[in-house]
Amino acid sequence: MRQIYVALRDFLAGLGRATLFFFALLAAIPAVARRPRIFLRQLYMVGTLSLVIIVISGSFVGMVLALQGYRTLSNFGAGASLGIFVAFTVIRELGPVVTGLLFAGRAGSALAAEIGLMRATDQLSGMEMMAVDPMRYVVAPRFLAGVIAMPLLASIFSVMAIGVAGGYLIGVQLLGVDPGAYWSQIHANLTPLDIWQSLIKSLVFGVTVSWIAVYQGYHAAPNSEGVSNATTTTVVASSLAILGLDFVLTAFMFR
Amino acid sequence: MNSPTPPSQHDNSTPLVEVRELCFGYGSRLIFDHIDLDIPRGKVTAIMGPSGTGKTTLLRLIGGQIRPASGSVRFGGVDVHKQSRSGLYNLRKRMGMLFQNGALLTDLSVFENVAFPLREHTQLPESMIRDLVLMKLEAVGLRGARDLAANELSGGMGRRVALARAIALDPEMVMYDEPFTGQDPISLGVLMRLIRTLNDALGLTSIIVSHDVAEVLSIADQVYVLSGGKVIVRGTPDQVRESTETRARQFLDGKPDGPVAFHYPAPSLAQDLGLQTETTRA
């Protein structure tokens, strides 16, 4: 009983600290405008460098969806609906969620490790002693870059999964679905609201992963074990948060 | 809140840093127990003592990075720990600090590292920043290394670049945290000469935290030796060398055993090895 109480108390205290950190982070974001080069560099680090894994994963997810979907749809004589099946699945669910999970593993872990190492090597203390707020110089640009990169990466993931390298390649080129039917079903059924909701999901996931990553890195113990823990916690906590939030957002958006 | 007072309003005879009745601990472990220190202006003051006596902690307290349990630290007459965030940052612009590992920003070049505080705190044109950075790098002998990345530098070069960065804003005081640790004899000699020369040429006040006895005593004007949470010896290097205080003697002479025991507190070896019975123990 005592252990449960201590664990719950520590969890709530941690949540409180993370929330205060989040508000401090929001307050530091306007300062990013003073240092656009740092922000652009971080956007390159978390966004552009994540492109390869996103493009490849999106293509394979689209291909697998087409293979699995066509088999099931054909049983009901609805093979021509493959396009909208792939599009709905990717736009509404797999695009934001799989991109979020990949983003947490690729960019989130890198952010946590980088900031944690800056802590361990006194770079953050050095900035404080130079009267430069690390929240403004280090944390806010990385957080903002993650928040902006995530919806863009999820969009690219979705385009790759539905398009010529993913579902279209397998469905149309390999399984023989009519290309006109593939695209027209998508065009007729996919609404702008679906795309907006997908973007909102990926934005929420981007905020969550980036917040967890910079928080863990900033508060990492200044040693190798601390950096390792920060990285692991970022990936685990981000993945769980993405799956939990996906359920909540789906329940509200797609009722 | 106190507002930082310009240095010109202070008499040069008053210490730049005044530490009074300072207490600080990590959990139940007491690091400082009501210590008093004065750091005189224009001098090189050394803070020495065995590992774990809180020398680096003292620098962090002076810089306002951590707060004391009680007591005060005044810099230029201003209580460091009663400042607002902006007040503290204004004080820190008047201090430079050289960290043990340099703490250079690894994603920036040597030039950009030294330019960093100038870009952050001044509105100087790029041409003037370039001139200032080159002058600071010239002072530490690394003007030619300006285009190197921070991770291409040796340990000694890294510390010299960090020193150039620490004096970029022309501070009143520079704090050196273990500047000689892990240095080869050439780098060590260069750093010693730089600390002394920069202090005298720029009219700085310097605080060196170190346990390198010979090196520090050769360049310091005043020395404090800390042990067990107290200042055990204070004075000029000669006075410290002649100290008869037992803990100071053990530290200065490098004796493995003495008031600071070689063995960490433990039951007797016979007890630990199970060679002593209950009866013999009784």
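A, B, ... follow the sequence lines: proteins, then strands. Residue 1 opens every chain. Computed from a predicted model, the values in this text were never measured in an experiment.
Residues V132(A) and P117(B) fail the side-chain proximity criterion, which asks for heavy atoms closer than 4.5 Å. Looking at heavy atoms from C-beta onward, L169(A) lies in side-chain contact with M63(A) at the 4.5 angstrom threshold. Considering only heavy atoms from C-beta on, L58(B) stays 4.5 Å or farther from F24(B) through its side chain. For the pair F180(B) and I195(B), the minimum side-chain heavy-atom distance is below 4.5 Å. Residues V73(B) and H81(B) meet the side-chain proximity criterion, which asks for heavy atoms closer than 4.5 Å. Considering only heavy atoms from C-beta on, L37(B) stays 4.5 Å or farther from T45(B) through its side chain. A heavy-atom distance below 4.5 Å is not found between the side chains of T122(B) and M128(B). Under the 4.5 Å side-chain criterion, counting only non-hydrogen atoms from C-beta, R94(B) is in contact with L91(B).
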Audit row: Y137(A), F116(B), ring pair (Phe, Tyr, Trp, His ring centres under 6.0 Å) steps and yes/no: CA-CA 11 Å; Y137(A) 188 87; F116(B) 180 77; 4.7 Å; yes
What verdict does the side-chain hydrogen bond (donor to acceptor under 3.5 Å, both in side chains) test give for E178(B) and T56(B), after you've listed the backbone C-alpha separation in whole Å, the side-chain angles of each residue and the deciding distance to 0.1 Å? CA-CA 8 Å; E178(B) 302 284 7; T56(B) 300; 5.2 Å; no
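R9(A) and Y5(A) are not linked by any side-chain donor-acceptor pair at a separation below 3.5 angstrom, with hydrogens and angles left out of the test. Under the 3.5 Å distance criterion, with hydrogens and angles disregarded, no donor-acceptor pair is assigned to the side chains of S210(B) and K55(B).
Between chain A and the options M95(B), Q100(B), M175(B), H121(B), heavy-atom pairs under 4.5 Å are most frequent for H121(B). The candidate from R60(B), Q65(B), R119(B), R165(B) with the greatest count of non-hydrogen atom pairs under 4.5 Å with chain A is Q65(B).
To the nearest 0.5 Å, atoms CG (L43(A)) and CD1 (I148(A)) are separated by 6.5 Å. In this structure, CD1 on I167(B) lies 11.0 Å from CG on N199(B), to the nearest 0.5 angstrom.
Within residues 101-114 of chain B, the residues having any heavy atom under 4.5 Å from a heavy atom of chain A are, by residue number, N101(B), A103(B), L104(B), L105(B), T106(B), D107(B), L108(B). Inspection of non-hydrogen atoms places M118(A), A120(A), T121(A), D122(A), Q123(A), S125(A), G126(A), M127(A), E128(A) of residues 99-128 of chain A under 4.5 Å from chain B. Using a 4.5 Å cut-off between non-hydrogen atoms, no part of residues 11-31 of chain A approaches chain B. For a heavy-atom cut-off of 4.5 Å, chain B lies close to no residue in residues 207-215 of chain A.
M97(B) touches chain A through its side chain: at least one heavy atom from C-beta onward sits under 4.5 Å away, while N, CA, C and O do not.
Judged purely by atom type and a 3.5 angstrom limit, S228(A) has no side-chain atom pairing as donor or acceptor with the backbone of S224(A).
When all heavy atoms are compared, the tightest approach of L169(B) to K93(B) is CB-O, 4.3 Å. Between L16(B) and M173(B), the shortest heavy-atom distance links the atoms CD2-CB, 3.7 Å.
Using a cut-off of 4.0 Å between Lys/Arg side-chain N and Asp/Glu carboxylate O, R146(B) and E138(B) are scored as not salt-bridged.
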